[in-house]
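Numbered from 1 within each chain, the chains take letters A, B, ... in sequence-line order.
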Amino acid sequence: MRTSRATRAAERRGRGRSVAPALFASLGTLVALIACAVPGPLGATGHATDATSVPALAQAPEWIALGHWRRGPAGRGWESLADQPDFFLAPDGKHDPAAELAATLAAFRAPPETRVRLDLHPQCAFPARFAWLVQALGDAGRDLPRVPCPTLAAWRSDLGPVAGVSLIFPEAFMNNPASMFGHTLLRLDRAPPDTAEDRRDLLAYAVNFAADTGDDGGALFAAKGLTGVYPGTFSLWPYYEKVRQYGDWESRDIWEYRLALTPDEIERLLLHVFELRQVRFDYFFFDENCSYQLLGLLEVARPGLALRDRFHGWAIPADTVRAVLDETSLAAEPDWRPSAATRIAARARTLPPRARRLAGELAAGGIAPDDPALASFPDTERASLLLLAYDLVRLRAKAETADADRPRSLALLRARQRTGVRGDPAPGARRPAVSPDAGHRPARVRIGAGVRDERAFLELRARPAFHDLLDPPGGYLRGAEIDFLDVALRLYPGHGDVDLHALTLLEIVSLAPRDALFRPISWRVRTGLTSRLAPRANGGFGDAWFWDLSGGAGLTAALGDRALAYAFAEAQAETSPRLSPAVAVGPGASAGLLVGGAEDRWRTHLRARAVHLPLGDAHSAFTLAFEQTLRLGPDLALELRLAGERDFGRSWLETGVFLRRWF
Amino acid sequence: MKRSTNRSRMQGMAAATIGAAMLVAGSARADGDTGCGLGSQVWEGQSSVPAKVLAVTTNGLFGNQTFGITSGTLGCEPGSVIKAEQRLNVFTAVNVDRLAREIAVGEGEALDALAHLYGVADADRDAFATRLNARFDAIFPTPTVTAGDVLAGIDRALAEDAHLARYARS
């Protein structure tokens, strides 16, 4: 194939001898490139149409996507997101798409023994650029000399068939700050949807963009992640490896969106993935993150898609999924791959409580698989019980090494095989009613009016991201709340100007329900500024600024599919000019009941909280609140709040009605 | 908490391996044999082809380090893919505990993928699964069996069956 194309090209070169060298010999610089574009000798030979477009090519969406350029600050100039010097052939290629195009064209005509990055000829190091230029330059492109690329051919052959591309979304994982919003990657599907071969998607490859964060943790991790110190690269993984990592290790359910891409688009994507091997992109957690960079790949696949333009400042994975679905269509309904924990919970629900308890004892090694207690169960139930025990052992073995796990695992499987039950009759986990793309958008504005301590107020509140416990839960992790930079402005008519009422810098809540098999700890942390009622020096009561920092750990229980009940032990520290001394520190406790499922239009949160701060300016505060939302549309809800507060020995009521709108 | 620490340390190790391996990617590529750094994490310093393959296939059943090991398998050159002749070995090494489960049950997604890698025709899939299920004890004789042992056991189970013998790797 390649040889014959090369031969044809050589023939054409022979025919067009007077044209091709004239066109390309001087392509080393942009000046030469523009000169070549001047109609005249070229027009006379019939290549004018192609050649006049050469300088314009440097601004073509295809080229801009291939170089990962985007407009610089204030829309001036260009800057590529790639931070790999040898990814550019021109000295200032990172900032100059035109110079890079000229240098690329020149390099493609370099002698066959020429080597650039990864010890490859330019044509082989940049096959997507080459394929596009051949096409875009028309006859002139077809006249480019061809260099064989055995490394690319072997890579492509080892990759196997690729008939589609899926956008993969492992849902959020609360116990890792880098995964709290979910993650996205691409899967190179082996076959079209709903074919026999398609079901073997475990064997497909996945394209993942990730940062190499080393062993860093805590503040260093956050600081480096925010400032782009970590190098990020695209890498290829067998999909089974990613399913293990996200689905088994981290127990994250995985959504799989099959994109309707054409074969040409898929081929472009593959060539570009090859081109991006070992290309470093500085990783920024908020904006230039995994999800954002994947959009860049899709823009290469389908030039003209303006996906990345939609994101400024931050790119939340679920938002990028929505952006992709807005711009492309799906080839099939999204698939859902339940995690190990989800599958275990689903199986446990199919078993009677006694079988569940025995499975727990089997997994813990309290009883052996041949224990007489198991004999009373029918074969299918015993088979399912043994499998449940095995899955529990494996899930726990991911976390801790226990030598006893190995013989126990094998004994359970042996007993399972000996039941003689072929196949797994237990119904699988139930797919959530709402997929992540159908969840509410993460930015929110809340506007409303209320009364606090007998004074009416108007309130405007906005936050850029992400999800709180009263937001519609569909498409989000159950019981999880992450709120950033939630700012509230209030006006008390007749009492002066619009004032900042609250600024929640960060609030994270993880309500992880416990049951007979899983015993996770729930936790919460919050810090922010609030204007609170506090005693004045003159004996009155009025607004004062309080900066608080609080956190806690606790337990959550699921009451059916719709309700969570929780209780936390907490600690709080606060500082305010109104306090004397200016700080107060102490313990607290809170409890609540959260009701409402993904399919419900309403959602209720009843909560109580008490803090006693004996250190510093001693005081105690209590809150008892009832909050209710009613969803009016996909991105609109009505909220009612009713709260009783007590602080510094004084009590008051606060009520309000608000509209919540997500963007 | 402990779980998260372990996991992030694991990822850290994997990431460090990738980083270190990137530095030596040139020499790794020069090997040009079984695929990049196959199993090099386990068999440090041994670079011959058999050692590399062994490193992956000696990955134990029910071990808990498969994630780290295959990261080493593939990570040394981001963007590299597994050589066709190593696909069965790597797949089995990574998924060996899941395969054990599905062979005990007699069906499953990983077992189907394994049949595909063995080149089993669609019409013989069921017979393949049934055969492996029947020979579970022989394929998984001890808790410390390795992925390589498992593959050898599967080959024996297939070879002893008149119809399926054609799929056994010689």
Between A:Arg422 and B:Thr130, is any pair of side-chain heavy atoms under 4.5 Å apart?
yes
Which of A:Val207, A:Asp391, A:Val421, A:Thr419 touches chain B most, by non-hydrogen pairs under 4.5 Å:
A:Asp391
Main-chain N/O of A:Leu387 paired to B:Arg101 side chain as donor or acceptor, under 3.5 Å:
no
In sequence, state the C-alpha distance, the side-chain angles, and the governing distance for A:Gln417 and B:Ile103, and then conclude on side chain to side chain contact (heavy atoms under 4.5 Å, CB included).
CA-CA 8 Å; A:Gln417 189 260 353; B:Ile103 289 172; over 6 Å; no
Answer whether the closest heavy-atom distance between the side chains of B:Arg98 and A:Leu202 falls below 4.5 Å.
yes
How about B:Glu102 and A:Asp424: do any of their side-chain heavy atoms sit closer than 4.5 Å?
no
Non-hydrogen side-chain atoms of A:Asp201 and B:Glu109 separated by less than 4.5 Å
yes
I want to check something: taking the side chain as every heavy atom from C-beta on, are A:Arg190 and B:His116 in contact at a cut-off of under 4.5 Å?
yes
Close side-chain approach of B:Arg87 to A:Leu203, heavy-atom, < 4.5 Å
yes
May I have the step-by-step check of salt bridge (Lys or Arg N to Asp or Glu O under 4.0 Å) for A:Arg418 and B:Asp137, ending in yes or no?
CA-CA 10 Å; A:Arg418 277 175 200 154; B:Asp137 286 349; 2.6 Å; yes
With a 4.5 angstrom heavy-atom cut-off, is it the side chain or the backbone of B:Ala134 that approaches chain A, or both, or neither?
backbone
Going by salt bridge (charged side-chain N to carboxylate O under 4.0 Å, His left out), name the residues that satisfy it together with A:Arg115, two or more places apart in sequence or in a different chain.
none
Rounded to the nearest 0.5 Å, how far apart are OG1 of B:Thr142 and CZ of A:Arg406?
9.5 Å
I want to check something: taking the side chain as every heavy atom from C-beta on, are A:Tyr390 and B:Val105 in contact at a cut-off of under 4.5 Å?
no
